[in-house]
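Here is the structure we will look at.
Any value given below was found using the heavy atoms of this structure, including those in side chains, with hydrogens, waters and symmetry copies removed. Chain letters run A, B, ... following the sequence lines, proteins first, then strands; residues in each count from 1.
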Amino acid sequence: EAGVTQSPTHLIKTRGQQVTLRCSPISGHTSVYWYQQALGLGLQFLLWYDEGEERNRGNFPPRFSGRQFPNYSSELNVNALELEDSALYLCASSLVSSGTYQETQYFGPGTRLLVL
Amino acid sequence: AQSVTQLDSHVSVSEGTPVLLRCNYSSSYSPSLFWYVQHPNKGLQLLLKYTSAATLVKGINGFEAEFKKSETSFHLTKPSAHMSDAAEYFCVVSEGASGGSYIPTFGRGTSLIVHP
């Protein structure tokens with residue numbers, strides 16, 4: 001069974017640019033979570049999508065946005081990049097079983113973004 | 001509200017000696033608890049999870065953790081460290097299954113260093 005995949009693996013952008021990161025969940029998983037792992041700050045929750053809807057959002061500015069597609073894959077968009085957006089962006093997926101969200105999350109390898 | 005504290009930012013052991021990574025949690029519900037491992041430049045891999053069944057949980061690669069409600073702890077142990085265990089370890093608490101938020105809270109991580 002294929003795990004969570006993310007693309008690209010690495011990205012270099014300059015301040016003010018926009019970036020799109022992509023995530024494909026494990027087959028059968030409908031929930032997708034996005035996290036930012038910046039140096040020294042641990043994992044910070046960004047966004048949660050399920051069934052195409054945004055279910056929850058972390059404490060990040062509106063220039064962080066995303067969406068989930070009918071096939072449950074997801075995109076994270078970051079506009080007007082700032083230097084402090086440099087981080088590893090992790091995507092995770094989880095299962096919904098019998099109408100109940102399952103708490104176990106399975107992570108992808110991440111996309112490392114460097115903003116110069 | 002939920003929170004998790006990893007008591008050591010770094011733990012250093014010799015190969016073949018026991019490993020103890022400490023985690024305390026706080027929760028208003030009956031939480032689920034997880035340990036994840038992250039090797040350099042990789043995503044997070046699930047080591048084990050506690051979801052209100054047996055209090056002693058066995059995970060992959062010889063790791064286990066014991067849930068102690070009276071001490072609000074969920075420490076991770078391994079009898080004998082291997083060089084390949086060197087990585088960052090995250091303790092995670094989630095309250096979703098017991099009525100709280102499905103957004104997990106991650107500890108700040110413990111870096112395990114293994115000396116030959």
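For a residue to count as touching a neighbouring chain, one of its non-hydrogen atoms must lie under 4.5 Å from one of that chain's; by this rule B:Lys49 touches chain A with the side chain only. At a 4.5 Å heavy-atom cutoff, A:Gln44 makes no contact with chain B through either its backbone or its side chain. Looking at B:Gln38, the atoms closer than 4.5 Å to chain A (heavy atoms on both sides) all sit in the side chain, from C-beta outward.
For the pair B:Leu44 and A:Leu43, the minimum side-chain heavy-atom distance is below 4.5 Å. Here the side chains of A:Gln105 and B:Phe34 are not in contact, with every heavy-atom distance at 4.5 Å or above. Annotation: side chain of B:Phe90 is in contact with side chain of A:Gln37 (closest heavy-atom distance under 4.5 Å).
Hydrophobic clustering, with ILVMFWY side chains joined whenever heavy atoms are under 4.5 angstrom apart, keeps A:Phe107 apart from B:Tyr89. The hydrophobic cluster containing A:Leu113 also contains A:Trp34, counting ILVMFWY residues as joined when their side-chain heavy atoms lie under 4.5 angstrom apart, directly or transitively. B:Leu76 is connected to B:Val13 through a chain of hydrophobic side-chain contacts under 4.5 Å among Ile, Leu, Val, Met, Phe, Trp and Tyr, so both are in one cluster. B:Ile103 is not connected to B:Leu33 by any chain of hydrophobic side-chain contacts under 4.5 Å among Ile, Leu, Val, Met, Phe, Trp and Tyr, and they are in different clusters. Both B:Val19 and B:Phe74 belong to a common hydrophobic cluster when Ile, Leu, Val, Met, Phe, Trp and Tyr are linked at side-chain heavy-atom distances under 4.5 angstrom.
One distance of note links CG of A:Leu41 with CZ of B:Arg108; it measures 6.5 Å at 0.5 Å rounding.
By the 6.0 Å contact criterion, CG on A:Asn59 is open, its count of non-hydrogen atoms from other residues, nucleotides or ligands being 12 or less.
For the set A:Leu90, A:Thr104, A:Asn56, the entry with the most heavy-atom pairs within less than 4.5 Å of chain B is A:Thr104.
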